[in-house]
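Heavy atoms only: backbone and side chains are in, while hydrogens, waters and symmetry mates are out. Source: prediction; values computed, not measured.
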Amino acid sequence: QVQLVESGGGLVQDVGSLRLSCAASGLTFNVYGMGWFRQAPGKVREFVAAISWRGDSTDYADSVKGPFTISRDNPKNTVYLQMNSLKPEDTAVYYCAKSRGTYGRSGWTDYDYWGQGTQVTVSS
């Protein structure tokens with residue numbers, strides 16, 4: 001059974017940093033793309049970042065391009081999201097997701113398994 005468990009969320013001040021982790025189990029991790037999405041209260045879930053199975057191809061939402069970095073450690077079955085220069089508008093529940101294929105895409109329908117989410121709150 002595929003399980004994705006996020007960690008690393010919390011409360012941080014404006015322009016602070018956090019690193020989210022997503023530990024995967026129950027799958028052959030190193031053949032699938034992975035992605036991060038987020039959902040703020042009252043808003044739809046939106047794409048944040050994605051990474052290919054080997055980690056050599058990444059994609060970002062325009063709103064996070066630059067301050068956020070996605071990476072993965074295949075031997076550890078873990079994907080990360082380093083978030084720098086956080087702003088209050090980055091406040092949301094962040095979700096890790098497994099792609100149906102070898103590359104991560106920006107559409108949520110491209111993903112078939114999701115974690116439970118981790119809350120990130122950025123105070124002004």
Non-hydrogen atoms of [X] and [Y] that approach each other most closely:
X      : Y      : answer
Phe47  : Tyr111 : CE1-OH, 4.5 Å
Ala24  : Leu4   : CB-CD2, 3.6 Å
Ser85  : Ser17  : N-OG, 4.2 Å
Ala40  : Thr91  : CB-O, 3.6 Å
Leu81  : Tyr94  : CD2-CD2, 4.1 Å
Arg100 : Tyr32  : O-CE2, 4.0 Å

With a 4.5 Å cut-off on side-chain heavy-atom distances among I, L, V, M, F, W and Y, is there a chain of contacts connecting [X] to [Y]?
X      : Y      : result
Leu18  : Trp36  : yes
Val122 : Leu11  : no
Val5   : Val120 : no

Evaluation steps, side-chain contact (heavy atoms from CB on, under 4.5 Å), between Leu86 and Asp14: CA-CA 6 Å; Leu86 282 161; Asp14 196 5; over 6 Å; no

Any side-chain heavy atom of [X] within less than 4.5 Å of one from [Y]?
X      : Y      : result
Leu20  : Glu6   : no
Val93  : Thr118 : no
Trp114 : Cys96  : no
Thr69  : Tyr60  : yes
Tyr80  : Cys22  : no
Val48  : Tyr95  : no
Phe37  : Trp108 : yes

Quick check for you: to the nearest 0.5 Å, what is the distance between [X] atom [atom1] and [Y] atom [atom2]?
X     : Y      : atom1 : atom2 : answer
Met34 : Thr102 : CE    : OG1   : 13.5 Å
Met83 : Arg38  : CE    : CZ    : 9.0 Å
Lys98 : Gln3   : NZ    : CD    : 14.0 Å
Ile51 : Ser57  : CD1   : OG    : 8.5 Å

From CA spacing to verdict: side-chain contact (heavy atoms from CB on, under 4.5 Å), Val12, Thr121: CA-CA 6 Å; Val12 64; Thr121 302; over 6 Å; no

Within 45° cone and under 6.0 Å: Arg72 NZ/CZ vs Trp53 ring: no

Derivation and outcome, side-chain contact (heavy atoms from CB on, under 4.5 Å), residues Thr58 and Ser52: CA-CA 6 Å; Thr58 57; Ser52 63; over 6 Å; no

Asp110 side chain to Ser99 side chain, donor-acceptor N/O pair below 3.5 angstrom: no

Residue from Asn74, Val2, Asp73, Thr78 passing side chain to side chain contact (heavy atoms under 4.5 Å, CB included) with Phe29: Asn74

SB check Arg105 Asp59 (cutoff 4.0 Å): no

Under-4.0 Å salt bridge between Asp90 and Lys87: no

Whether over 12 other heavy atoms sit under 6.0 Å from Gln13 CD: no

Whether Ser124 side chain and Pro88 backbone form a donor-acceptor pair below 3.5 Å: no

